[in-house]
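Report on the following structure.
When a residue number appears, it is its place in the shown sequence, counting from 1.
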Amino acid sequence: MAVQLQPSFLSIFNSSKHENKPKPPFPTTQRRPTLGVKAASSSNARQLIQSGAIRAIQPKDAAAAMDTEGFRLLDIRPVWERQKAHVEGSLHVPLFIEDKDNGPITLLKKWVHFGYIGLWTGQYFTTMNPDFLLQVEKAAPEKNSKLLVACGEGLRSIMAATKLYEGGYKKLGWLAGGFNRAGEDDFKAVQGTEKLQYATIGGASYYFLQLLIFIETVGKSK
């Protein structure tokens with residue numbers, strides 16, 4: 001069953017915007033199936049953010065939160081996004097993993113996914129990581145650990161932060177808007193072949209993005 005986020009969910013968060021960064025030409029999020037795990041509801045996430053139980057932290061403020069307040073960055077993106085670019089020293093536990101089921105129904109879904117989503121975004125057909133909470137508990141066993149939960153766009157990370165809160169972690173931050181809204185110097189020691197804010201983009205969208213960057217660069221030079 002695909003995770004469907006209501007439009008009202010997107011409107012409750014105020015992400016920082018960087019005017020000089022080209023916007024992705026195609027949506028970079030995909031519908032991700034779950035395995036009997038209910039996604040965090042928009043009302044629950046809204047309540048946790050508005051009450052301050054989960055603290056919304058803008059990308060430009062993330063370094064200060066980590067350096068002076070003791071937050072540890074928890075990257076919950078899938079492996080293929082993290083390989084493109086990641087913050088050195090960050091924890092990594094993916095909320096979604098590649099769905100390797102090769103049953104006939106799943107294969108049909110994968111074929112449809114590739115045609116409508118995967119071809120453009122380069123994203124694999126995924127399923128919820130059933131061991132997400134257990135893996136986080138191994139990486140950060142102290143439930144009073146300060147964790148700044150991050151993904152590419154901010155949607156998956158608020159789902160992850162809600163799951164962690166319900167699992168006993170009470171000192172959580174959420175990277176509002178995700179790495180996509182990060183500026184060039186918001187995070188130190190970024191490793192990988194791509195810029196951190198573009199690591200979510202793949203497939204045909206990646207080439208359109210490169211074209212936009214090229215056009216913008218040529219325009220500025222003139």
Side-chain angles (χ1 to χ4, degrees), residues 13 15-16 18 21 24 28-30 32 40 45 48-49 53-98 122-124 126 128-202 206:
F13 304 118
S15 302
S16 61
H18 298 268
K21 188 184 72 172
T28 59
T29 57
Q30 68 179 77
R32 294 173 170 83
L48 291 173
I49 290 293
I54 296 177
R55 176 180 163 191
I57 298 176
Q58 302 294 330
K60 62 183 178 63
D61 300 322
M66 291 186 288
D67 293 341
T68 64
E69 299 182 48
F71 276 91
R72 300 179 68 187
L73 186 63
L74 174 60
D75 187 343
I76 60 90
R77 297 174 300 163
V79 173
W80 52 90
E81 288 184 26
R82 183 176 170 84
Q83 288 175 339
K84 293 179 182 179
H86 66 273
V87 178
E88 182 179 355
S90 59
L91 301 176
H92 179 233
V93 179
L95 180 64
F96 290 94
I97 57 177
E98 183 180 0
Q123 295 282 353
Y124 293 93
T126 59
M128 184 80 76
N129 179 3
D131 299 320
F132 174 73
L133 183 57
L134 292 176
Q135 291 172 0
V136 173
E137 289 175 342
K138 289 183 179 180
E142 296 295 330
K143 290 296 179 71
N144 63 350
S145 300
K146 291 184 176 181
L147 299 177
L148 175 55
V149 189
C151 68
E153 314 89 347
L155 301 180
R156 294 168 294 180
S157 54
I158 190 57
M159 291 171 58
T162 304
K163 288 176 66 67
L164 291 173
Y165 185 86
E166 294 171 349
Y169 289 90
K170 303 303 181 182
K171 296 182 179 180
L172 297 171
W174 167 62
L175 188 67
F179 292 128
N180 287 5
R181 295 298 178 182
E184 295 289 342
D185 301 320
D186 285 347
F187 291 92
K188 303 174 183 177
V190 176
Q191 296 182 340
T193 59
E194 300 290 340
K195 291 185 177 181
L196 186 62
Q197 58 267 46
Y198 299 151
T200 304
I201 304 171
Y206 174 80

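Side-chain contact between K170 and K143: absent, with no pair of heavy atoms (C-beta onward) separated by less than 4.5 Å. The shortest side-chain heavy-atom distance between K84 and R77 does not fall under the 4.5 Å cut-off. F132 is listed as a side-chain neighbour of L164, based on a closest heavy-atom distance under 4.5 Å.
Checked by atom type and distance alone, the side chain of K188 never pairs as donor or acceptor with a backbone atom of E88 at under 3.5 Å. For W174 (side chain) and S157 (main-chain N/O), no donor-acceptor pair under 3.5 Å exists by modelled atom type.
Taking CG from L133 and CD from E137, the interatomic distance works out to 4.0 Å, rounded to the nearest 0.5 Å. Once rounded to the nearest 0.5 Å, the distance linking NE2 of H92 with NE2 of H86 reads 9.5 Å. Atom CZ of residue R181 and atom NZ of residue K60 lie 14.5 Å apart, to the nearest 0.5 angstrom. Distance check, rounded to the nearest 0.5 Å: CZ of F179 to CG of L196 gives 5.0 Å.
Each of L175, V93, L172 was evaluated against L74; a single residue qualifies, V93, per the side-chain contact (heavy atoms from CB on, under 4.5 Å) test.
Heavy-atom contacts from other residues, nucleotides or ligands closer than 6.0 Å to CG of N144 number more than 12.
A salt bridge does not link R72 to E142: none of the charged nitrogens lies less than 4.0 Å from a carboxylate oxygen.
The heavy-atom pair separating I54 from G173 by the smallest distance is CG2-C, 4.4 Å. Smallest separation of non-hydrogen atoms from L73 and F187: CD2-CE2, 4.3 Å. Across L148 and A62, no two heavy atoms sit closer than the pair CD2-CB, 3.9 Å.
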